[in-house]
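Remarks on the structure that follows.
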Amino acid sequence: MTLPLFEDAESGQPWREALCPGAVVLHNFATAAGATLLTTLHDIARQAPFRHMITPGGFRMSVAMTNCGSCGWLSDRTGYRYAATDPESGKPWPPLPEAYLKLARAAAASAGFPDFEPDACLINRYAPGARLSLHQDKDERDFTQPIVSVSLGLPAVFLFGGLRRNDKAARVLLTHGAVVVWGGPARLRYHGILSLKAGYHPLVGEQRINLTFRKAI
DNA sequence: TAGTCCCG
DNA sequence: CCTA
């Protein structure tokens, strides 16, 4: 339950970094589970391929996305929303694997959110140069449920801002296995990812994968 | 006419 | 620029 506290990011040992009330980074929390998560990811991506969605403004997102779970996050010209089916195939999104659910619940509980029941997992793939500018996650119904974000592969700089877009954002390096959990007073904080720097990760290759768990409905 | 998770 |  209580995670050991280590100050050495390179040790492979878990350690926690508090960002603000309601938000914490659990470094190396998912490092051991990484290989299993990625094997399962290949099955999901075969059923629901990664695609570059279009924002309501008509712009192509640099991050490639897919989903698993009973609903998935979508963006197109008409706006942002959750939907039970993949518009590319008309079929339901692949189910949320039990291993994903267990990891998300464990991370949430470790961060002080013991009753997290995610129904959506957005899967983001960052190639070098891909980024996500500052935004809020506010398409979900219940803001008492936290956000759980799992990083795999290449490291990326996470921006964690305030409740207004112009609030100064903290910068946190998220390496393979890091899990960020934010909820409560931090639930609607702006966040984003800086342009991914090229590199090679032994397990994931030349990319970064992010799994974002949410209770959408 | 507000919102906009784009790029510069 | 769109659309809601």
Side-chain angles (χ1 to χ4, degrees), chain A residues 19-20 22-23 25 41 44-45 48-88 93 96 104 118-143 145-174 178-198 207-217:
Chain A
L19 297 179
C20 69
V25 186
L41 175 61
I44 294 169
F50 284 100
R51 81 291 308 261
H52 294 271
M53 296 184 186
I54 303 299
T55 67
F59 303 103
R60 175 188 185 270
M61 298 180 77
S62 59
V63 177
M65 301 177 165
T66 186
N67 290 278
C68 62
S70 59
C71 54
W73 185 86
L74 291 174
S75 176
D76 62 20
R77 266 163 221 276
T78 71
Y80 309 131
R81 67 191 174 281
Y82 284 92
T85 55
D86 178 351
E88 295 294 314
W93 298 104
L96 195 47
D119 55 15
C121 175
L122 173 64
I123 305 169
N124 293 155
R125 189 184 65 194
Y126 294 75
R131 53 179 282 199
L132 206 52
S133 51
L134 276 184
H135 67 278
Q136 294 174 299
D137 290 8
K138 56 178 181 182
D139 302 315
E140 302 75 29
R141 286 229 245 276
D142 181 4
F143 294 147
Q145 293 278 318
I147 305 289
V148 172
S149 167
V150 178
S151 294
L152 298 169
L154 290 178
V157 178
F158 181 59
L159 297 173
F160 197 68
L163 298 176
R164 291 169 313 188
R165 187 183 288 279
N166 289 345
D167 291 343
K168 205 182 90 180
R171 294 177 176 219
V172 185
L173 188 69
L174 299 181
V179 182
V180 189
V181 182
W182 66 100
R187 176 60 179 74
L188 290 173
R189 279 188 178 243
Y190 277 86
H191 56 281
I193 290 284
L194 291 185
S195 177
L196 190 78
K197 196 180 147 181
Q207 60 184 345
R208 169 176 186 263
I209 297 291
N210 175 253
L211 312 173
T212 304
F213 296 92
R214 307 180 177 111
K215 179 168 169 51
I217 306 299

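Bear in mind the structure is a predicted one, so any value in this text is a computation, not a measurement. To find a chain, count down the sequence lines: A is the first, B the second, and so on, and within it residues start at 1.
Here the side chain of A:Thr66 pairs no donor or acceptor atom with the backbone of A:Ala45 at under 3.5 angstrom. A:Ser151 contributes no side-chain N or O that, together with a main-chain N or O of A:Asn210, makes up a donor-acceptor pair within less than 3.5 Å. Side chain of A:Arg214 to main chain of A:Ile147: no donor-acceptor pair is present (N/O by atom type, distance under 3.5 Å, no hydrogens or angles). When atom types are taken as modelled, the side chain of A:Asp119 and the backbone of A:Ala216 share a donor-acceptor pair closer than 3.5 angstrom.
A:Asp76 is linked by a side-chain hydrogen bond (donor to acceptor under 3.5 Å, both in side chains) to A:Thr78, A:Arg81, counting only residues two or more places apart in sequence or in another chain. Residues satisfying the side-chain hydrogen bond (donor to acceptor under 3.5 Å, both in side chains) test with A:Arg187, not counting sequence neighbours, are A:Glu140.
Look at A:Arg165 and you won't find any side-chain N or O under 4.0 angstrom from OP1 or OP2 of B:dT4.
In this structure, the CG atom of A:Leu194 is 15 Å from the C1' atom of B:dG8, given to the nearest Å. A:Tyr80 has its OH atom 4 Å from the C1' atom of B:dC5, to the nearest Å. In this structure, A:Leu188 places its CG atom 14 Å from C1' of B:dC5, rounding to the nearest Å. Rounded to whole angstrom, the span from the CZ atom of A:Arg125 across to the P atom of B:dC5 amounts to 22 Å. The interatomic distance linking A:Arg81 (CZ) with B:dG3 (C1') rounds to 16 Å, in whole Å. Straight-line distance from the CE atom of A:Met53 to the P atom of B:dC7: 15 Å, rounded to whole Å. Between A:Arg51 atom CZ and B:dC5 atom P the separation is 20 Å, expressed in whole Å. Atoms NE2 (A:His52) and P (B:dC5) sit 18 Å apart, rounded to a whole Å.
Residue-level contact check: A:Ser75 touches neither bases nor backbone, having no heavy atom under 4.0 Å from any strand. Note on A:Gly57: a base of the nucleic acid sits closer than 4.0 angstrom, heavy atoms only.
Using a 4.0 Å cut-off between a side-chain N of Lys or Arg and a carboxylate O of Asp or Glu, A:Asp86 and A:Arg51 qualify as a salt bridge.
Where DNA chain C meets chain A (any atom under 4.0 Å from a heavy atom), the bounding nucleotides read 5' to 3' are C:dC1 to C:dA4.
Of all non-hydrogen atoms in A:Asn124 and A:Phe50, the two that sit nearest each other are C-CE2, 4.4 Å. The heavy-atom pair separating A:Val180 from A:Leu19 by the smallest distance is CG1-CD1, 4.3 Å. Among all heavy-atom pairs drawn from A:Arg165 and A:Leu134, the shortest one is NH1-O, 2.8 Å. The minimum heavy-atom distance linking A:His52 with A:Val63 is given by the pair ND1-O, 3.6 Å. Here the closest heavy-atom approach between residue A:Trp93 and residue A:Cys71 is recorded as CD1-C, 3.9 Å. When all heavy atoms are compared, the tightest approach of A:Trp73 to A:Asp139 is NE1-OD2, 2.9 Å.
Near DNA chain B, meaning a heavy atom under 4.0 Å away, there are no residues from residues 210-217 of chain A. If you check residues 134-142 of chain A against DNA chain B, the residues with a heavy atom closer than 4.0 Å are A:Leu134, A:His135, A:Gln136, A:Lys138, A:Asp139, listed by number.
Consecutive Watson-Crick or G-U pairs involving DNA chain B, each under 3.5 Å on both distances, make up stems of three or more pairs at B:1-3 with C:2-4.
Classification of the A:His191-A:Phe158 ring pair by plane angle, with boundaries at 30° and 60°, yields tilted.
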